[in-house]
Every structure is written in C-alpha cells, then in structure tokens.
Visitor: 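I am attaching a structure below and will ask some questions about it afterwards.
Here is the naming used below: chain letters follow the sequence lines, and residue numbers restart at 1 for every chain.
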Amino acid sequence: MIEVLLICILALCLYTVESKDLLFGTIALSAISLLSALLFYLLKAPDVAITEAAVGAGVSTVVYVWAIKATERKDIS
Amino acid sequence: MIDRIIVGLIFLVGLWGLIGKRNLIKKVFGLSIINAAVVILFIMEGGKAGSSAPILEPGVRDIVDPVPQALMLTAIVIGVCVTALALAMAYRLYKATGSFDIDEVRERLDDGHR
Amino acid sequence: MNAQAKRAPVAAAVLSILVAAAILWPLVAFDGPWPRELGAYLESRGLEESGARNLVSAIYLGYRAYDTLGETIVLLVAVSGAIGMIAAAGTTLAIDYSYPAKDGAVDGGEAEKPIRRKAKKNRTDLIEVVTGKLGPVVLLFGFYVMLFGHVSPGGGFQGGVVVASGIVFLALGSKGKPGGGLSSASTLAKLEAAGFAALIAGGFLGLASGTGFFAPPLAGTSPLGFIIALNTVIGLKVGAGIGFLCVAMLGEADYD
Amino acid sequence: MTGIAESIMSPSDWAMMPVALPLLGAALSLLAKAFIKKGPWASLFEYLGAFVGLALPWLALAVLAPLVLSGGSVQAIIGSWSPLVGISFRFDGLTWLVDMLGFSVAGMAWLYSVGAGPKGPAFTTIYLIQASALAATAATTDLFNLFVCLEVLGMASYVLVTSSEKPGAFLAAFSYLMVSAAAMVFFLLGVYGLYRLTGTLSYSSIAAALALLPDGGGYTAVVSLACISAAVALRVAVMPLYGWLPDAHALAPHAVSAVLSGVLIKTPLFALSRFLLAMPGGGMAGQLFGYAGAITALGGVIIALSQKDAKRLLAYHSISQIGYVVSAWGAGVSALSRGEAVGYALLSAAFLHAFYHALFKGLLFLTVGTATDAAAERDVYVLRGAGAILKKSGERLPFTLLSFAVGALSISALPPFNGFVSKAALSYVLKGRWEYIFLFIAGIGTTASFIKLAGIFAPPKRGAGIAAASSLPGYTAKKTVMTAQAVLALACVASGLAGPWFYRFVGRLLSGGHYSIGVLRLYDLDSLLKTGGIVLAGYVLYKLALTGIGKRIAARIRERPRGFHGLFAAFSLGLGGLTLWISFFRFQ
C-alpha cells in the first residue's frame, strides 16, 4: 500500500517537473500533498497529515495559482 | 528498503526540477518536492517503530516516535513559507523582465542598470 | 541563447543528482533499529509532564515550543515580505495596507489608498452566497481544531490554517461590498500583530513568574493551560497571517 | 551589580535576553505598524522597539560578563523541560563574543538606516527579528533548533536584501533563497541521519550516542555530518560556496549590506564550531574548511581587484576576509578536536579578525554607500571627488571621508588600526603553515584594491569623472548617518589600540580561562617592515592592474560566466568533496 502511494507520488513529481503547463503542475503538486497526507495518516501521523493537507494542498496551492495567474501559465523554455 | 529508494528517487526528481529546469516556477516546484521527500522519509521511518498514533487515549500502547512528527510539522511550514517568498520574488522578477527563464531574466537585468 | 548556455543547467543538474544520489545512499540503505528511548520516555512520562494527550502537541507546544516560536516568526517574515513585494510592485491590491518600500512611501503614497476591485462578472451570486454562509462554519471548525489540539490530532497551526480558509471564504462572500469585518486587510494585520505580541508576552510571562523564557508559568502546576493558550494565540496569529496573504493575493489575480 | 541583576532574574534567564529582547522590540514595532501606521507615535514605538531590541541586550551582556570571564557558562533547557526532548542552549564565552559582535554592528547599521533608509516599522521589525535570530544561532546546542534559527536568519535576510527595491536585488535574493533553502533541505537530511542513528537532537547526546555505536555510525554519520556542515558553510560563503554573496551584498540597502557582511556570515561559522567540536570527524571537516578558507582569501581578493562596482568590490572583499577567518578557525577546530590547546589561540585569532572585520567592513559599506548615494554613481573608475560632492550636500567637516579612510587603512592592515592587529594575530598563529603564504599574498591584493577604491575620493581629473558635480540629486547629509559612521570609525581605532589586550581577553573567554595567549608583539621592526613591504607591493600591483594587460585580465575575471545553476554545481562539489574528505580520514 505504502509503496503504491509512493510510486504515485513519484509519477506525479515527474509530471509536475516536466509538464508544459504550470497550472497543471500546480494541481499535480497539490495532489502530491494530498497523497502524502494520506500516507502520513497510514503511517500513524495524523497531525502531520492534517498539516500537510491544510498547508501543502491548501495554502501553497493558493500561492502557486496566484503567482501563475498573475504572470504566465506556460513553460516555454 | 524499496520504499526508501522510491523516496530517494522523488528527491532526485525534485533536484532535477530545481537545477535542470530554467523556468523559475519549475525551480520552486523542485524545491517543494525535495522538501516533501525529506518529510516523507522522516515520517515513514519514524512510523515503522510502533503500531499506533502518538495520542495517549486510554489503552493505547506501543506508540510511534512522536518527535519526528513534531519536527516535520515545523519543516513543512517552513517549506511553505520559503515557497511563498520565492514565488513573490519570481513574480517581481517577471514584472521587471517579462520572463520566467532564469538566463533571460539575468540577461535582461544586466542590460538594464543593476 | 547558444547551445552551451542551454547545456550548462543540465550539466549542473546531472552533477548535483549524482552527488545527491551518492549522499542519499548511506541514508537510504541504513537499516539499523529505530532508536526508541525518546518515544518510550514520552509514552511513560509525556502526559504527566505536559498534560497533553496528543504527544505531538506536547512536543510541538511544550517541550520544543521554542522551535515553534521560530517557525511562527518564519511565517511572519515570509507573509510580510511577500505582501510587501506584491504591494510595492504597484499592483492593485484590494487592501488598504502597504509595506513601506521606499523612503517616500512611508507616510502614505498611492498604496495607502484603498483600491477596491469591482466584483467580477463571472463570480456568480451563488458562489458569493455559499462562500459567505460557509465562512462562519469553517471558522468555527478552525477554532475547534485549534482548541482541542492537545487531545486529538490538530492544534494551533492547523486550526489557524483552517481559520485562514474561513477568512478567505468570508472575503469571497463579501466581494463587491467594501470588505469589512474579519476579512478586511487592516483588521487582519492588527490581529496578526496582536497575536505575535501576545506570543512574545507569553514568553515573558514565564520570566515574570520565575520559570524562564518561554516556559509554562506557575511552576508545579500542569502546563496544559499554557499549551492551550499557546495553541489559541498561534492559531489566531497564523490564521490572520495566512488569511492576510491569501486575501491580498485574491485581490490581484483573475480567478474563475 | 551582579547581585542586583541576579535578584531580578537568574543567569539562565539573563542568557536568553539577547534572543528575547529583540523579539520584544520586534513585537512593539509590529504593533506600531499595524495599529498606528504612521505619524510621530508610530515612529516613537518603532524607535522604542529598536532601543529595546538593540540597546538593552548590552545590559544582559554586561550582567553576564563576570560569569563568562570567570570561565563559567550557562547551560539550560529552554522552558525547563526534560533535557531528553527539550532544546538545550549554552551561553559561554563564545556566545558572549558572537553576541557582542552582532549587536555592535547591528545597532550602528540600524542608526544609519534611520537616516539613509530603508525606514519604517516593517523594516525595523524584520531587522530586529534578524538580530534575535543571530543571538539564538550563537547560543543553541540543539541540532533541529539550529535548523530553525538558520531558517529565520535566512528568511529575514532574503526580505531585507529585497528592501532596496532594485530589480537586480530580486534576482540576487531569489538565487540566495533557492540555493540556501536547498542547502537547508540537505541539512534536514543530515538531521534525519543523525536522529536515525542516535535518537536525540542535542549535540552532546548525539556525540555520546555515536560513540556507543560499533562503527561510530559509519557512512551514515559521515554523510550527515557533511550535509550539515556544507549547509552551514554555504551561509559563511567559503569558496566554492560563495556565488550567492556578491550580488546579494552589493544590491542590498547599505545598512543591510553592513550587517550581512559584518555579522551574518560569521555567526553561523561560530555556531558550526560548537557542532563540529562535539562530533567525531568534526575536526577533519574543520581542517578542510581551513584549507578552503586560505584559498578563499586569495581567490576573493583577486576577483575583488577586478571589480568596477564599488559595493561589489566590497562584497568580494567580504569573501576574502571571511577566508582569513575561516583558515584560522578551521585550523583551530582541527587542533581542538585533537585536544591541542593551541587551538584556542587559533580560534581567538579567527574571532578577533571576525570582530574587527565586522567593524571595518560595516564602516566601509556605510561610508561607500553614503558616497555613492550622494554622487549617484557606483563605478569606481568613473566616480571621483566624492568628498567635494558630500561637502556640497551639507557635510561641513569631511566625516565620511575620514571614516572611510579609517576603514580602508584598517582593512589594509596598517598600524595602528584594528585590521593590523588582527592580521598580526593571524600571522602569529598561522606562521609556518602554507596558508600563511596565501594570506600574505591576499594582503597585498587587499591593499591594491583599496588604493583603487580610495580613488572615488580623489579629486576629479580635468574632463573626466563626474562632470557636473553641481547638478546633484537631492541628497542631504544626515546626522544619524554620520553618527553611525563616526562611532564605527572610533571603534576601529580604539579596538586597534587596545588590540593586544583584547586578543588576550578573547582567548580567555573562548578557552574559559584555561589557556592564556602569549603577548602579541605588534610594533617590532619585523612586522613594521612587513607592513611596509605589503603596502609597496600593493601599490605596484595597483599600478599593474591599471595597465592595458591588467585591465584586460580584470575584465576577463569580472565577466566570467556566472549563472544560477553554477551555485548548485558548486554546492554539490563542495558537499561531495567534504564527504570524500571526511570518509577518507575516518576509514583509511
């Protein structure tokens, strides 16, 4: 179970880094946060799970979405 | 063992984003990922040492080590703060130069006055 | 952009990845037993020494509260720095607050005047109504997480983040009207400053009662009250700070 | 005095004051920002906060001085929790000295900022938080708390660098943030490794637990040690980890540059020495840092000599001078970890130079900042006659020129200024090592580049330089600016005259009274001849640098390719090299 979650996270990380659309990257990143929150819950760390869900998937996504919307969405380099 | 290797790979993917990608936002993505990898590693290993969450309800025995969890709470929050500040700077750089490409940003700033 | 300049980051990344892989290997491969002394000590003595059932909270706000102080300071600096950078960029922020960026901007300047954005056409009334009604509920839940962090998962920080999202909901719900109440930027700035001041004052309380800086005052009694108080203060400060950041950002960007 | 002080608070409470008081000041200033916003009352609270945060800690240092002078120290757990889990800190001679270094420059630089900007309660709040984090870093003996302290320190400095609002400053701060945040992730990996092995976080218990392990922790311990040391060394800007510094220090506001160069690159170094001295293998790491320091001293000065921008030139000198400090520091850590008491002499010389460098480099950044602000020109080849320009802006007596002269003579190690004393102490302790030769050559380069920098105050040549000195931007001389400069200049002179005594004082504090340093002989014929030789060689080097070939080489060095990814490549090389070095000596 843990390995499956980790492999999903790894795949999402690859997508985040390689995707041409930064907004999709951000969504993948918040999915990573949610999956790791689930992972932390399974690993008997409910406090960390709540924090990761609230801070990682919540606050940091808002900040990323703000930055991308205020500038440009495509990674053209 | 295999789970730790996957976490190590996540770390390396983050490093690739941080250094190999030229887009500023991608670099911040990479930073978030390497931070998350260390957090996962710490919690995962700490979680193997017991069988129940560290909340002392009556009858709870054999808890996992709570110290890594408390440390990682701090690390997660600090990671997000770094992300927010880095993005605010990237935003200002974009406003100043119109680009997210690190080399282009440097060139355009060099052309103007420093 | 010549080919060499394009290759340089890749070369640097490959080098770093190779080094990092070599560095990570001993850490990943290490398979010794997890040291249990600290966990065992906390399992037997933690509740008695801190009064909190949730041992993570006991460490986070008790044993190692000083680290948490540092963490809230990091958040304070990050939030005020980020807001300062956004405000100084001359963007239209829906707030009446500005980081004094240059000499002239200290006493006012343009940024001091509230610039209100009209409600977006595509932000339907439905969303405003729903978020506006949902806001107080989320706030309430945030306070619950904040206040019961010592017995169940959660605590000041997590509760604060939930409070922040409640504040964002309130702000979304009140778009178009002059943002008043809890979601107005100056209220949030005041709340954050007051929270920080209360946190530092709490640190000095221990000095005044003779137990030391950032120690639970009143030696000999259970520190549980101190932990709950810290939870609340940190929650308010974090909620105000993050809420402030999010409200500032919402005022700028185009959200659908 | 001690009796009264102890009736107020216990020594362990006083020991927390250098951390707590700046935080209290920051809270006052933040309240002023949020509730009053502007007007005289806001300024009043802001200044009150700065007074509480930057002046009152001196009271705590005065109270604690007798304790640390008698070789005592305060060791306690913050919040009096169980020592197994709680955060331990240690206030000893080293902490006292590092705090003194920090508050002397931070106070003066803040005073300067009142006149020259950036101003306002928001700036003061973050500035005070940085001061508090400096004191916390100097005192902590807990690994994770060191992580938090370094993060607070870093956060505050990223924000302060951008407060100059120059577009280049954002790139500088972004690069600084990314590379140091990435390094802090490696630091966290190191914490993981050591916690995984030992299950504790305070230095002493980690060392004790590692000693119990059959192979001392093996490669896991080595890698963790290397990660942590490399992450801290990045903050110190030892070569090859220096790339982030020149831009950040050159583009920050002048007051912030003074603190960054004077204090911020040194506090982590002395915090690291605590850690390295506790760890097995720490001495070897220290030795490698020492060697890197000697190379840094020479490399930094070569690049500095080629610079055009006045503040960038100073920034490269900071790298060079920190190289001096690190070379003696590394040798000292290595000697102490082998149990050789001479390490105290080395460490004392390192601290002496760190402190004196903080004073004169702070002074140089402030005075050069004033001159370049007044003239609105930063190119050292173009700007001439800064003294006359300052006079026009309302400076009746040439305070800035005199202060600059003191700073320049100090860094060029001319008697009787303080740089002369600290460099004499460094040559005294490093004599007979190869590092000594490097530092000697670097001294020649330093003199040459300050002859070059002093050109900005030279009278303009006809038809060259700033043509219209009459049509200047509205710069007016300010009292706070001149006071801050004058105080630092006086401190440079006074600490130079009291140098030999102060060196013994530092030695006594660092060794806890166990080791007494021999008398430093300053004004004998040998050292005066050497100084004369360095000045002469420096002048020749300066003239050489002005020839056609010299200018071409300078341009070559100045415009060498520098990029964002280079910072990471350098960090990886440093980290890998350090790991190999420690494992080679541990497992040979």
Visitor: When heavy-atom pairs shorter than 4.5 Å are enumerated against chain D, which of C/Phe196, C/Phe213, C/Tyr66 gives the highest number?
Guide: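 Winner by heavy-atom pair count: C/Tyr66.
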
Visitor: Decide if the gap between the ring center of D/Trp81 and the ring center of C/Phe214 is smaller than 6.0 angstrom.
Guide: no

Visitor: Exactly one of C/Val74, C/Leu75, C/Ile73, C/Leu76 should register a side chain to side chain contact (heavy atoms under 4.5 Å, CB included) with D/Met155. Which one does?
Guide: C/Val74

Visitor: Which residue out of D/Leu28, D/Thr198, D/Thr125 racks up the most heavy-atom pairs below 4.5 Å with chain C?
Guide: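 The residue among D/Leu28, D/Thr198, D/Thr125 with the greatest pair count is D/Thr198.
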
Visitor: Taking all heavy atoms of D/His565 and all of C/Ala8, pick out the closest pair and write down the distance.
Guide: NE2-CB, 3.3 Å

Visitor: Tell me if a side-chain donor or acceptor on D/Arg196 pairs with a main-chain N or O of C/Leu27 at a distance below 3.5 Å.
Guide: no

Visitor: So which part of C/Leu18 gets closer than 4.5 Å to some heavy atom of chain D, the side chain, the backbone, both or neither?
Guide: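 For C/Leu18, there is no contact with chain D at all, as no heavy atom is under 4.5 Å.
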
Visitor: State, without any angle test, whether D/Ser82 and C/Tyr63 hold a side-chain donor-acceptor pair at a distance under 3.5 Å.
Guide: no

Visitor: Would you say C/Val77 and D/Gln130 make side-chain contact, with heavy atoms under 4.5 Å?
Guide: no

Visitor: Does any backbone or side-chain atom of C/Glu37 lie under 4.5 Å from a heavy atom of chain D? Answer side chain, backbone, both or neither.
Guide: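 When you check distances to chain D, only side chain atoms of C/Glu37 fall under 4.5 Å.
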
Visitor: For chain D, which of C/Gly32, C/Gly206, C/Gly62 has the most heavy-atom pairs under 4.5 Å?
Guide: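 Heavy-atom pair counts peak at C/Gly62.
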
Visitor: Side chain, backbone, both or neither: which part of C/Leu24 has a non-hydrogen atom closer than 4.5 Å to chain D?
Guide: side chain

Visitor: Can you find a pair of side-chain heavy atoms, one from C/Leu38 and one from D/Tyr195, that are under 4.5 Å apart?
Guide: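 SC-SC contact between C/Leu38 and D/Tyr195 confirmed.
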
Visitor: Which pair of non-hydrogen atoms, one from C/Leu15 and one from D/Ala569, has the smallest distance, and what is that distance?
Guide: CD2-O, 3.8 Å

Visitor: Given heavy-atom pairs under 4.5 angstrom as the criterion, report whether the side chain, backbone, both or neither of C/Phe30 touches chain D.
Guide: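 Looking at C/Phe30, backbone and side chain both touch chain D.
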
